[in-house]
Amino acid sequence: MNFPPEHQNYLTQIGLAGKQLGYPTYVVGGYVRDLFLQRPCKDIDVVCVGSGIELAKQAAKMFENASTVSIFHHFGTAMFKVNDLEFEFVGARKESYRSDSRKPSVENGTLEDDQIRRDFTINALAISLSPHDYGTLIDSFEGIKDLNNGIIRTPTDANITFSDDPLRMLRAIRFATQLNFKLHPDTYNAIKTNRERLKIISAERIHTELNKIIMTPVPSVGFKLLFDTGLLHQFFPELSAMQGIEERNGIQHKDNFYHTIKVLDNIAQTTNNLWLRWAAIMHDIAKPLTKRFEGSLGWTFHNHEMVGAKVAAQVFKRLKLPLGDELKFVQKMVALHQRPMMLTKENITDSAVRRILFEVGEDIESLMTLCQADMTSKQEWRVKKYREDYEYLKERMTAIEASDQLRNWQPPISGEIIMETFGIKPGRPVGIIKDAIREAILDGIIPNNYQAAYQLMLQKALEIDLTPIK
Ligand code: ATP
Ligand code: MG
């Protein structure tokens with residue numbers, strides 16, 4: 001196998017360092033997989049039959065601009081960086097597991113011991129770096145065959161592999177989604193069998209894999225696998241609960257799980273913003289909680305957007321996703337996701353458009369992107385109509401924004417000006433005047449400028465018996 005020319009020198013030198021120590025040395029894992037798939041990869045894992053830490057030290061000496069070697073005695077690993085490459089070294093090892101932890105006990109082993117402990121056959125490929133057989137592929141578990149056939153399969157009994165380290169179940173689905181591969185039936189069934197083992201995995205590791213699935217070009221592939229294997233139910237029951245269609249009096253509602261992952265696929269085509277993709281996942285999350293059948297109205301989901309914003313917080317908390325601006329953004333998108341569509345109805349006033357620009361502020365583009373992704377009707381004419389209405393709304397927004405600049409709205413008259421003008425302290429009257437000015441601007445009664453707002457302030461003050469002090 002040929003390495004990329006820009007990696008050649010590093011890999012040759014590492015092989016020589018291994019020879020100096022008497023260690024057979026290999027490049028292994030994701031790097032080899034990505035080499036065959038022609039995906040760029042800058043993390044290079046090296047395994048040797050010997051001490052990974054010693055090899056790292058020896059290899060780092062070969063390169064002038066290598067970073068200092070970081071050593072992790074506890075794991076028996078060491079790493080350094082050279083330019084944009086990151087090399088990680090480990091001695092070949094054999095692992096055994098206990099049932100309550102994904103941390104194995106470890107002893108030295110052969111290359112094959114090391115390959116078999118890896119998660120998937122496509123991640124267990126090794127290429128020798130030792131001078132005497134440099135470049136030779138060691139494919140002990142038919143990894144190349146699986147690569148060519150697009151199959152995710154474990155090197156050894158899938159039930160044991162997943163029970164040992166349940167995180168691998170999520171990795172299997174993540175790789176299937178990223179690479180557009182299929183799960184081998186044994187792998188698929190073992191995930192089903194071992195799904196409850198996921199409970200020993202930390203929320204951080206779960207969300208890291210989940211985010212990788214979310215960031216793929218067609219994330220629904222992963223979500224369908226998560227659902228069908230029952231893994232989704234373990235860590236995201238709010239989402240799995242959305243699956244299913246109920247019928248009453250001959251009236252059905254749509255399947256909100258499949259709708260949601262379709263919306264996610266749609267939005268994945270227009271944004272790489274992880275949190276906007278999360279907003280797509282959450283936008284209808286409270287539909288199961290708010291679902292009612294109301295006679296002539298049929299199925300309703302009153303207030304699902306507000307309840308959904310609350311559910312989003314619970315999910316983020318449980319999955320240990322960031323609870324700051326990221327969550328706030330997702331909640332805002334969920335809470336407001338219905339609004340743009342409501343504004344496409346006929347007879348919508350400029351003031352209604354102004355109000356949404358005012359409320360959403362700088363996130364208006366994101367909200368419109370979500371809203372567009374949310375159009376998933378199976379009826380062509382309906383989607384077409386939605387699109388046209390939506391384009392028209394966008395034009396109106398642009399026009400109103402251009403004249404009124406509401407996006408980062410600052411009141412033209414501040415509380416300080418009000419207090420100074422009337423010689424009053426902070427209190428109710430200040431709020432009354434500020435609200436009146438804001439409402440008048442949003443309703444289009446006065447323009448968004450100082451002059452007009454000042455006049456309105458004086459007028460409003462009269463109504464509540466305030467007089468200017470000068
Ligand atoms: P990516 O970098 O895209 O996440 P990767 O396959 O390189 O993919 P890493 O987490 O970087 O994944 O791990 C490097 C290699 O270590 C893998 O290719 C695999 O051989 C092995 N590995 C990683 N995690 C596990 C695990 N949980 N169980 C078994 N082997 C693993
Ligand atoms: Mg990697």
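First listed ligand is number 1; within each ligand, the first listed atom is number 1. Not measured: the values here are computed from a predicted model.
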Check your understanding: Is Arg318 salt-bridged to Glu238, cutoff N-O under 4.0 Å?
Key ->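 Between Glu238 and Arg318 there is a salt bridge, with a charged N closer than 4.0 Å to a carboxylate O.
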Point to revise | Flag for Gln252-Glu247: side-chain donor and acceptor within less than 3.5 Å | key: yes
**Study point:** Donor-acceptor contact below 3.5 Å, side chain Asp119 vs main chain Arg168
**Key:** no
**Study point:** Whether Asp265 side chain and Lys262 backbone form a donor-acceptor pair below 3.5 Å
**Key:** no
Check your understanding: Are the aromatic ring centres of His304 and His283 under 6.0 angstrom apart?
Key ->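 His304 vs His283: aromatic centres not under 6.0 Å.
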Review point. Taking the six-membered ring for Trp, is the centroid-to-centroid distance between Phe257 and Phe227 below 6.0 Å?
Key: yes
Practice item. Report all protein residues having a heavy-atom distance below 4.0 Å to some atom of ligand 1; order the list by chain, then number. Key: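 Shell around ligand 1 (4.0 Å, heavy atoms): Gly29, Gly30, Arg33, Asp45, Arg102, Arg117, Arg118, Asp119, Asn123, Asp165, Arg168, Arg171, Arg174, Phe175, Lys212.
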